[in-house]
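Each remark here refers to the structure printed beneath this line.
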Number of protein chains: 2
Amino acid sequence: MSQSVGRALAILPMLAEGPAGLEQVATRLGVHKTTAMRLLRTLHEHGLVYRQDDQRYRLGARLFALAQAAAESLDVREIAHPHLVKLGEVTGHTVHLAVYEDREVMYIDKVDSRYPVRMYSRIGRPVAITVAAVAKLLLADLPEPERRAVAERLEYPMYTPRSTPDAPALLAELAAVREQGWATDFGGHEESINCIGAPIRGADGRTAAACSLSAPNVVVTADELMTLLPQLRRTAAAISDDYSGRVPA
Amino acid sequence: MSQSVGRALAILPMLAEGPAGLEQVATRLGVHKTTAMRLLRTLHEHGLVYRQDDQRYRLGARLFALAQAAAESLDVREIAHPHLVKLGEVTGHTVHLAVYEDREVMYIDKVDSRYPVRMYSRIGRPVAITVAAVAKLLLADLPEPERRAVAERLEYPMYTPRSTPDAPALLAELAAVREQGWATDFGGHEESINCIGAPIRGADGRTAAACSLSAPNVVVTADELMTLLPQLRRTAAAISDDYSGRVPA
DNA sequence: CAGGTTGGTTGCGCAACACGCAACGTGCGT
DNA sequence: ACGCACGTTGCGTGTTGCGCAACCAACCTG
């Protein structure tokens, strides 16, 4: 919409791949050096990019502060966190929390059996949206047109033979997930990792977030993991209660 | 430099304080609604802001991804992390890692005795630059003109009676720190918290980062904490070796 | 050491683009 | 049902961001 702003923002993901010099940025943006410079300067003034000693630019530390603030404004996370920690302690497995936002699914919290961690590991990385249990839960609850639109626009990488192959398969699975109120990913992303997920619902009944329990095959079989499903669902329900209570919207 | 980009970027810290509606953003920016809208749209297209159900805007999840990438491009952190973890395990105290960037000091990693955590707690929050041990170390090694300029522009909040009161006091302490090669903060930020820090130097000998060890009074006295100084300095030296070896620049 | 190359910086004229106005929708509260 | 507050759209104007060209500085290379 706004040309210069758009160009400036396009620089950020570029720099996310690694530091780059002025010329490099200019050519990749398809603009004149001088234009790129003005944009970079403005970004620099606002702390979003930093100029390192060799005059190349990289992402700036201000992003930490913004991401931190963004995390704090996601109140689902605040509310869910203690529940997730407890679930992690009890089961000893990895717990994830994810939300859907603008055709993307993002992990926003993670609890390992021993490490309560934010912004770590997969948090901030793109979720395998076609196979992850949390993704299925979040997509399953989208309004029909958007769900279809998203499903059809996705790519379907075959991480493993059990990965969801295409849009029809995904939509079918989403229907099932919607029906049963929970989701699984048995080796669909990594051969040896199984995963079960449950939805967190807001006061309006819509799925506001999803949490999941993951464990490698070598620790527990898929069947054994499934025995934890009731516990996971109880946790999700507890979070839903807290969440819908506190955010009546 | 670039008006529209500057305005757009100014929106981000605004939203960091909490979600805001279009009108709110417009008035705080001092621009017409329609202008604010165009900027917000562009930010939205790039995932930096998200429009929640009530049509208000908040920071978007894409920021997580960018912050993550920013963190990964800070190779000091990568290199230092294992050392910090070890130090945390051995001493049982909290370890911080910080860098200086554009007149600000940022925590970029933290290790608690039990929790290795990134982007958590104070990471991303402004460092108490006038009192923190790591801040003193980083400021102490700035070139004279910049150091003076920074010191004089700072505010000197008296968190406690032991906080650094003004620029001359800070500059005096920086000189001492520079001399001795380590820094302390005994109750200067929070009455009951003591802290010691040591510099991490790059191949050129400049201080590239600083790490610190913090503990509350009730656990160890300042004197006891000081007995860990040699260990802290060894860790910092080890990181420096790794770092200067790997980044000959 | 001269000459070429690469990458960054500055000044300036032109027109594209971003700005704000005004008018239109829309949902909510009274 | 009405009015108000807030978000949205179309459009003319001139500010502002654009690219050109020329200028530096550093680094190779012969």
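These figures come from a predicted structure and were not determined experimentally. Chain identifiers are assigned alphabetically (A, B, ...) following the order of the sequence lines, protein sequences preceding nucleic acid strands; residue numbering begins at 1 within each chain.
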Which pairs would a plain distance check flag for residues 176-183 of chain B, meaning a side-chain donor or acceptor within less than 3.5 Å of a matching protein atom at least two apart in sequence or in another chain?
| residue | atom | partner | partner atom | Å |
| --- | --- | --- | --- | --- |
| Arg178(B) | NH1 | Ala140(B) | O | 2.6 |
| Gln180(B) | NE2 | Trp182(B) | O | 2.8 |
| Trp182(B) | NE1 | Gln180(B) | O | 3.4 |

Hey, are the side chains of Leu48(B) and Leu66(B) touching, using non-hydrogen atoms and a 4.5 Å cut-off?
-> yes
Is it true that Arg148(A) and Glu144(A) have a side-chain N and a carboxylate O under 4.0 angstrom from each other?
-> yes
Leu39(A) CG to dC17(C) P, in whole Å, measures 13 Å
Measure the spacing between CD of Glu146(A) and CG of Asp102(A) and express it to the nearest 0.5 Å.
-> 8.5 Å
Rounded to whole Å, the CD-P distance (Gln55(B) to dG25(C)) equals 17 Å
The side chain of Gln3(A) lies closest to which of these nucleotides: dC19(C), dA18(C), dT10(C)?
-> dA18(C)
Considering only heavy atoms from C-beta outward, does the side chain of Pro199(B) approach that of Asp141(B) to under 4.5 Å?
-> no
Sequence neighbours excluded - side-chain hydrogen bond (donor to acceptor under 3.5 Å, both in side chains) pairs with any residue from residues 6-15 of chain B = none
Heavy-atom nearest nucleotide on DNA chain C taken for Ala20(A) and for Val5(A); more 5' hit belongs to Ala20(A)
Using the heavy-atom set of chain A and a strict 4.0 Å cut-off, write down the first and last nucleotide of DNA chain D that makes it in, 5' to 3'.
-> dG17(D) to dC20(D)
Hey, what's the ring geometry for His44(A) with Tyr50(A), parallel, tilted or perpendicular (30° and 60° as the breaks)?
-> parallel
Test Val5(A) against Leu9(B) for side chain to side chain contact (heavy atoms under 4.5 Å, CB included), laying out the working first.
-> CA-CA 9 Å; Val5(A) 177; Leu9(B) 299 183; over 6 Å; no
Tell me: CD of Gln24(A) to C1' of dT6(C), nearest whole Å?
-> 13 Å
Side-chain donor/acceptor pairs under 3.5 Å, residues 20-37 of chain B, sequence neighbours excluded:
| residue | atom | partner | partner atom | Å |
| --- | --- | --- | --- | --- |
| Thr27(B) | OG1 | Glu23(B) | O | 3.2 |
| Thr27(B) | OG1 | Gln24(B) | O | 3.0 |

How close or far is atom C1' of dG8(C) from atom CG of Asp54(A), stated in whole angstroms?
-> 13 Å
Identify each atom pair where a protein N or O and an N or O of nucleotides 20-22 of chain C are less than 3.5 Å apart, giving names and distance.
| residue | atom | partner | partner atom | Å |
| --- | --- | --- | --- | --- |
| dG20(C) | OP2 | His32(B) | N | 3.3 |
| dG20(C) | OP2 | Thr35(B) | OG1 | 2.4 |
| dC21(C) | OP2 | His32(B) | ND1 | 3.2 |

Relative to the 5' end of DNA chain C, which residue comes earlier, Ser4(A) or Met37(A), by the nucleotide with the nearest heavy atom?
-> Met37(A)
Should Leu174(A) and Leu171(A) count as side-chain neighbours, where that means a heavy-atom distance under 4.5 Å?
-> yes
Could you go through the side chain to side chain donor-acceptor pair (under 3.5 Å) check for Ser4(A) and Ser4(B) one step at a time?
-> CA-CA 7 Å; Ser4(A) 50; Ser4(B) 50; 2.7 Å; yes
Go through residues 40-51 of chain B and report each residue with a non-hydrogen atom lying under 4.0 Å from DNA chain D, sorted by number.
-> Arg41(B), Arg51(B)
